[in-house]
> 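Here it is: the structure, laid out below.
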Amino acid sequence: ELSIKYFRQNLRPYWRRHGDDAAALLRKAAADYESLAQRCADFDQALMAALRKVGGEQYAQLCALAYRQTFAGNKLTADAQGQPLLFPKENFSNGCIGTVDVLFPQAPFFLVFSPALTKAMLVPVLDYAASPRWPYAYAPHDLGTYPHATGQVYGMGGRDGDRMPVEESGNMLIILAALARSEGNADFAKPYLPMLAKWAGYLAREGLGPTNQLCSADMFGHLPRNANLALKAIIGIGGYAQLCELAGKPDEAKQYFAIARDYAAKWQVLAKDEGRTRLAYDAPGTWSMKHNLIWDRILGLNLFPESVGDAEIAWYLKVQKQYGLPVDNR
């Protein structure tokens, strides 16, 4: 009947947006079965062929698993106007709904397959952050505990660093920049620009040398001067500059591009270690997966030379284990 409590609204699942019940759904599915089965088969075949071309059979199989997991980890609902709203659920931590560092790793999937669903997952977070319920100058971490999207629960009793402010502000600005880039305009982000300016300002103040903050790998606890987190902040600042450029704010774009370039140059010195970069600036002999670096390429920012990524990958191939690459040396 109803799926998600979204502040004062009780949302229906998307398939029920016109009032259908289960019997009506089954009737429609039976009537459309042949055409839908054909469309599904055509899509599967085209996608798997494209994946095999890029990375071979094993890569294609991994992507097929990721496709199913990504879709299944979300609840698709409709708002009062019948527009889609998409909510991911965390499983093994605390059951949070609409977690921004879950939106971030699933963003590439939705950017490729459905810009509409990319917006559907961002709208609840943006509207919550723009409301008086969220008093901070950085992005939220979550919307509540599934299925109640009624306000952040993570780290709310603690300090700023407990709420992942650099992590989530960087995540949101990067996803919004990627969406704008794929659409060729910043129309979706425009109404939120004053708020996004606060997040970019926060990253400019706190991002290059993050204080004792949690990041998405929160099972490891707080870590000051986390190099991968700083990387996210720098690319987030660059992403905000791109949004300003597309939104007709050339002066602000220039200002934030300059900050991002300056920080990127400093980061390469601060994070440098033998043949790779460090887990934290002041931790020689360490390493961590710099997965945030991929967004420098996706957004076309080119803040970092290709040699940085090449050296990282060469190092990962040395230290990866049987089932893949650990998050870091710990």
Side-chain angles (χ1 to χ4, degrees), residues 1-22 24-25 28 66-91 93-134 136 138-154 156 164 168-169 171-180 182-183 185-193 195-196 199 243:
E1 177 72 16
L2 296 164
S3 280
I4 301 289
K5 186 171 179 60
Y6 178 50
F7 294 99
R8 292 199 173 93
Q9 303 170 50
N10 291 320
L11 303 181
R12 286 184 159 184
Y14 191 71
W15 64 270
R16 292 203 70 229
R17 68 194 180 283
H18 301 309
D20 281 1
D21 60 9
L25 177 73
K28 283 182 181 175
Y67 186 107
R68 290 198 289 260
Q69 186 182 21
T70 304
F71 245 130
N74 287 272
K75 184 70 190 183
L76 181 58
T77 64
D79 68 11
Q81 287 73 47
Q83 293 302 303
L85 293 177
L86 190 73
F87 298 92
K89 176 187 185 291
E90 286 197 50
N91 291 339
S93 40
N94 57 356
C96 276
I97 186 171
T99 304
V100 173
D101 53 295
V102 173
L103 301 185
F104 185 65
Q106 74 178 20
F109 174 91
F110 287 108
L111 284 162
V112 167
F113 293 110
S114 178
L117 288 181
T118 308
K119 294 172 189 175
M121 75 184 193
L122 292 170
V123 165
V125 176
L126 289 164
D127 285 352
Y128 170 51
S131 78
R133 288 169 176 266
W134 183 253
Y136 304 106
Y138 48 76
H141 166 277
D142 65 83
L143 296 173
T145 305
Y146 192 95
H148 291 175
T150 52
Q152 177 158 326
V153 292
Y154 187 88
M156 290 307 278
M164 297 194 197
E168 309 304 21
S169 302
N171 287 340
M172 288 298 288
L173 291 173
I174 290 169
I175 301 169
L176 286 163
L179 178 64
S182 75
E183 295 201 306
N185 64 68
D187 295 353
F188 176 75
K190 253 183 190 168
Y192 303 103
L193 273 179
M195 176 174 75
L196 304 184
W199 296 355
L243 287 170

> For a side-chain contact (heavy atoms from CB on, under 4.5 Å) check, start with the C-alpha distance between Met195 and Leu126, then their side-chain angles and the critical distance, and finish with the verdict.
CA-CA 9 Å; Met195 176 174 75; Leu126 289 164; 3.9 Å; yes
> Taking it one step at a time, do Leu103 and Asn171 satisfy side-chain contact (heavy atoms from CB on, under 4.5 Å)?
CA-CA 8 Å; Leu103 301 185; Asn171 287 340; over 6 Å; no
> Does the Arg16 side chain pair with the main chain of Pro13, one donor and one acceptor, at a distance under 3.5 Å?
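No; zero donor-acceptor contacts below 3.5 Å.
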> Please tabulate, for side-chain N and O atoms in residues 108-118, each donor-acceptor pair with protein atoms closer than 3.5 Å (sequence neighbours left out).
{"residue": "Ser114", "atom": "OG", "partner": "Leu117", "partner atom": "N", "Å": "3.1"}
{"residue": "Thr118", "atom": "OG1", "partner": "Phe110", "partner atom": "O", "Å": "3.1"}
{"residue": "Thr118", "atom": "OG1", "partner": "Leu111", "partner atom": "N", "Å": "3.4"}
{"residue": "Thr118", "atom": "OG1", "partner": "Ser114", "partner atom": "O", "Å": "3.1"}

> Using the rule given for side-chain contact (heavy atoms from CB on, under 4.5 Å), can you reason through Asn74 versus Phe87, listing the C-alpha separation, both sets of side-chain angles and the distance that settles it, and then say yes or no?
CA-CA 5 Å; Asn74 287 272; Phe87 298 92; 6.0 Å; no
> Do any N or O atoms from the side chain of Ser131 and from the backbone of Arg133 form a donor-acceptor pair under 3.5 angstrom?
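It does hold such a pair.
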> Can any side-chain N or O of Thr145 pair as donor or acceptor with the backbone N or O of Cys96 at less than 3.5 Å?
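A pair under 3.5 Å: no.
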> Compare all side-chain heavy atoms of His148 with those of Ile97 and state whether any distance is below 4.5 angstrom.
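Answer no - side chains too far apart.
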> Any side-chain heavy atom of Arg8 within less than 4.5 Å of one from Thr150?
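Side chain of Arg8 against side chain of Thr150, heavy atoms only: no contact under 4.5 Å found.
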> Starting at CG of Asp187, measure out to NZ of Lys119 and round the result to the nearest 0.5 Å.
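It comes to 8.0 Å.
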> Please answer whether the main-chain N or O of Val153 pairs with a side-chain N or O of Asp142 as donor and acceptor at a distance below 3.5 Å.
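Yes, Asp142 side chain to Val153 backbone: donor-acceptor pair under 3.5 Å.
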> Go through the side-chain N and O atoms of Thr99 and Glu90 and say whether any donor and acceptor fall under 3.5 Å apart.
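Yes, because at least one side-chain N or O of Thr99 sits under 3.5 Å from a partner of the opposite role on Glu90.
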> Just do the side-chain contact (heavy atoms from CB on, under 4.5 Å) check on Arg12 and Thr77 with the steps written out, would you?
CA-CA 6 Å; Arg12 286 184 159 184; Thr77 64; over 6 Å; no
> Between atom CG of Leu179 and atom CD1 of Ile174, what is the distance when rounded to the nearest 0.5 Å?
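With rounding to 0.5 Å, CG (Leu179) is 14.0 Å from CD1 (Ile174).
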> Can you check whether Trp199 and Tyr138 have ring centres sitting under 6.0 Å from each other?
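That pair fails the under 6.0 Å test.
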> Could you check if a side-chain atom of Tyr146 sits within less than 4.5 angstrom of a side-chain atom of Lys75, using non-hydrogen atoms only?
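Heavy-atom side-chain distance check passes, below 4.5 Å.
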> Under the 3.5 angstrom rule, does the side chain of Tyr128 hit a backbone N or O of Gln152 as a donor-acceptor pair?
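Confirmed, Tyr128 side chain pairs with Gln152 backbone.
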> Taking side chain as C-beta onward, heavy atoms only, is Gln106 less than 4.5 Å from Thr70?
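A side-chain contact exists here, since the closest heavy-atom pair is under 4.5 Å.
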> The criterion is side chain to side chain contact (heavy atoms under 4.5 Å, CB included); which residues satisfy it with Asp127, sequence neighbours excluded?
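Partners of Asp127 by the side chain to side chain contact (heavy atoms under 4.5 Å, CB included) criterion, ordered by chain and then number, come out as Tyr6, Val123, Tyr192.
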> For Gln83, is there any backbone N or O sitting under 3.5 Å from a side-chain donor or acceptor partner on Gln81?
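Judged by distance alone, no pair lies under 3.5 Å.
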